[in-house]
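Only one structure is covered here, and it is reproduced in the block below.
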Amino acid sequence: MKILVINCGSSSLKYQLLDMADETLLAKGLCERIGIDGHLTHKPQNGKPVFNEDVAMPTHTEAIAAVLDKLTSAEYGVVSSMKEIGAVGHRVVHGGEKFAASVRIDASVMDAIAECIPLAPLHNPANITGIEACRAVMGDVPQVAVFDTAFHQSMPGKAFTYAIPYEYYTDLKVRRYGFHGTSHRYVARRAAEMLGKPLDALKLISCHMGNGSSICAIDGGKSVDTSMGFTPIAGLPMGTRCGDIDVSILEYLAANTGKDVKELTNILNKKSGVLGVSGVSSDFRDLDAAAAQGNERARLALEMFQYAVAKTVGGYVAAMNGVDGIIFTAGVGENSADTRAAICRYLGYLGVEISDERNAKRGEDTFISTDGSRVPVMVIPTNEELVIARDTRDIVEGK
Ligand code: ADP
């Protein structure tokens with residue numbers, strides 16, 4: 001079965017077409033500036049040329065139509081007709097407490113995704129738009145929703161409850177949800193394969209470190225705690241998000257800057273994190289370069305990030321009463337050997353020992369710990385699209 005994976009944002013749409021016979025990527029691409037003017041970058045993986053041009057996209061429906069046109073065209077295509085596409089898998093950001101697993105989309109699922117809009121006001125409407133656009137262009141091809149939050153629904157109450165009046169949870173659903181679930185789930189399964197042990201017998205800590213970063217404690221294959229919270233702003237300092245801060249700062253800043261909560265929240269999401277501290281960039285490559293040239297605030301931002309990761313890992317070792325493997329993934333986790341090494345230096349008390357030679361490798365699933373390290377440490381490039389495609393296939397085939 002060939003499966004189209006869609007990750008729809010408010011003005012963008014990323015896609016991949018996978019052949020699930022051997023899990024190969026047939027094509028991938030990106031629609032940008034939807035609703036503004038429109039631009040399509042389409043990359044077939046079969047040797048045909050890349051298409052990289054403006055295409056009018058007044059709505060997501062024209063974007064999906066343009067994607068299907070390219071996927072099936074003689075010049076840029078990878079399939080002969082749309083009929084070859086057996087199903088569509090959508091990344092949906094928030095499933096609230098309604099979804100603990102992926103699900104085939106029908107009218108009641110659409111209603112439930114819409115009910116989660118207050119929890120993800122920017123993301124869920126875009127995801128709904130993407131699903132509706134696919135239905136408009138592809139008719140009744142089965143569609144599946146894969147939620148960023150679903151994997152974390154296994155967290156116990158002690159991990160997901162905030163210490164605020166309980167009715168804010170019962171009435172308004174304020175609790176820790178966690179995100180990046182698809183990524184944490186993927187790397188945990190791969191780690192079990194690499195360790196040659198069943199996933200349900202392992203205690204793992206997954207460090208997803210990209211523009212957005214989160215850490216997950218995975219006990220027996222189930223998420224038992226994670227660092228993002230009610231929203232993705234919580235936990236570690238990130239590219240532009242502040243991570244955990246004292247909530248009273250908000251009132252203090254409102255009183256002293258004249259900015260309202262909305263404006264300040266925007267600053268905490270978009271102008272904080274390593275960008276805010278360094279004043280240089282949200283990109284860890286720029287920070288590494290600036291720190292190497294002696295920029296003290298860039299160095300501080302990097303140190304704060306590494307320290308926060310190490311403290312969170314330590315907390316999760318305590319939460320699970322042990323750890324059998326630590327995983328690094330996503331942009332920074334997969335590429336920055338220095339960041340990984342710096343984090344692992346904090347973990348000497350666990351018996352973690354890194355091999356510089358192994359840590360220098362890139363782009364493949366690999367152990368970076370020495371053979372003598374008491375806890376194995378792995379780098380596993382994440383593949384959320386593959387998880388979405390696998391879930392979609394399994395659900396459509398009734399597995
Ligand atoms: P997103 O959270 O947007 O999916 P990614 O997982 O793609 O982000 O990670 C993007 C981040 O990865 C960039 O901001 C950049 O800081 C970081 N990154 C990529 N390559 C390197 C590298 N070689 N060294 C350090 N950081 C890197």
Side-chain angles (χ1 to χ4, degrees), residues 5-16 28-30 32 41 91-93 120 122-123 126 146 148-149 178-187 190 206-216 226-228 231-243 269-293 295 297-299 301-306 308-309 327-344 356 359-366 368 379-388:
V5 175
I6 302 273
N7 182 352
C8 199
S10 57
S11 68
S12 71
L13 185 155
K14 283 189 223 156
Y15 64 92
Q16 288 195 1
K28 63 178 176 177
L30 169 68
E32 293 168 285
T41 313
R91 175 194 182 212
V92 180
V93 167
L122 298 179
H123 289 101
V146 180
D148 261 20
T149 50
F179 299 86
H180 291 145
T182 312
S183 174
H184 291 302
R185 180 153 68 99
Y186 172 79
V187 297
R190 256 317 275 145
S206 154
C207 306
H208 179 114
M209 312 189 305
N211 240 325
S213 297
S214 73
I215 306 195
C216 185
T226 192
S227 58
M228 283 178 167
T231 72
I233 201 173
L236 308 167
M238 311 181 203
T240 63
R241 297 188 194 121
C242 62
N269 267 302
K270 303 218 169 114
K271 298 201 166 136
S272 299
V274 294
L275 168 68
V277 173
S278 69
V280 172
S281 171
S282 63
D283 192 302
F284 281 70
R285 285 164 289 202
D286 298 340
L287 294 175
D288 284 340
Q293 285 172 0
N295 184 312
R297 278 170 54 189
R299 190 183 54 78
L302 289 168
E303 280 181 4
M304 286 170 63
F305 177 77
Q306 295 151 6
V309 172
I327 309 153
F328 289 112
T329 192
V332 181
E334 291 166 27
N335 295 302
S336 180
D338 289 350
T339 304
R340 292 192 299 256
I343 292 165
C344 289
D356 290 341
N359 191 29
K361 275 197 218 156
R362 248 203 207 167
E364 54 182 292
D365 298 345
T366 184
I368 60 168
V379 174
I380 303 177
T382 195
N383 196 338
E384 289 159 285
E385 290 79 8
L386 183 56
V387 177
I388 294 171

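Every number for a ligand or one of its atoms is a count from 1 in the order of the listing.
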Protein heavy atom at shortest distance from atom 15 (C) of ligand 1: D283 OD1, 3.3 Å
Shortest non-hydrogen contact between I380 and E334, atoms and distance: O-OE2, 4.1 Å
R362, portion touching ligand 1 at heavy-atom distance under 4.0 Å: side chain
Least distance between heavy atoms, S213 atom then F305 atom: OG-CE1, 3.7 Å
Identity and separation of the nearest protein heavy atom to atom 8 (O) of ligand 1: N211 N, 3.2 Å
Contact atoms of ligand 1, heavy-atom distance to A330 under 4.0 Å: 6 (O)
Distance from atom 26 (N) of ligand 1 to nearest protein heavy atom, with residue and atom: F284 CB, 3.5 Å
Within-cutoff protein neighbour (heavy atom, under 4.0 Å) for atom 4 (O) of ligand 1: no
Nearest atoms (heavy-atom pairs only) where M228 meets S214: CG-CB, 3.7 Å
Heavy-atom side-chain contact between I327 and C207 under 4.5 Å: no
Taking atom 17 (C) of ligand 1 as the reference point, the nearest protein heavy atom with its distance: V332 CG2, 3.6 Å
Shortest non-hydrogen contact from L30 toward Y15: N-CE2, 3.5 Å
Aromatic ring pairing H208/H180, orientation class (parallel under 30°, perpendicular over 60°, tilted between): parallel
Check: A234 main-chain N/O paired with R241 side-chain donor or acceptor under 3.5 Å: no
Protein heavy atom at shortest distance from atom 25 (C) of ligand 1: S336 CB, 3.6 Å
Min heavy-atom dist G212 to ligand 1 below 4.0 Å: yes
Identity and distance of the protein heavy atom lying nearest atom 20 (N) of ligand 1: N335 ND2, 3.4 Å
From R285, H208, M238, M209 - option closest to atom 22 (C) of ligand 1 by heavy atom: R285
For atom 9 (O) of ligand 1, the protein heavy atom that lies nearest, with its residue and separation: G331 CA, 3.2 Å
K361, NZ: over 12 other non-hydrogen atoms inside 6.0 angstrom: yes
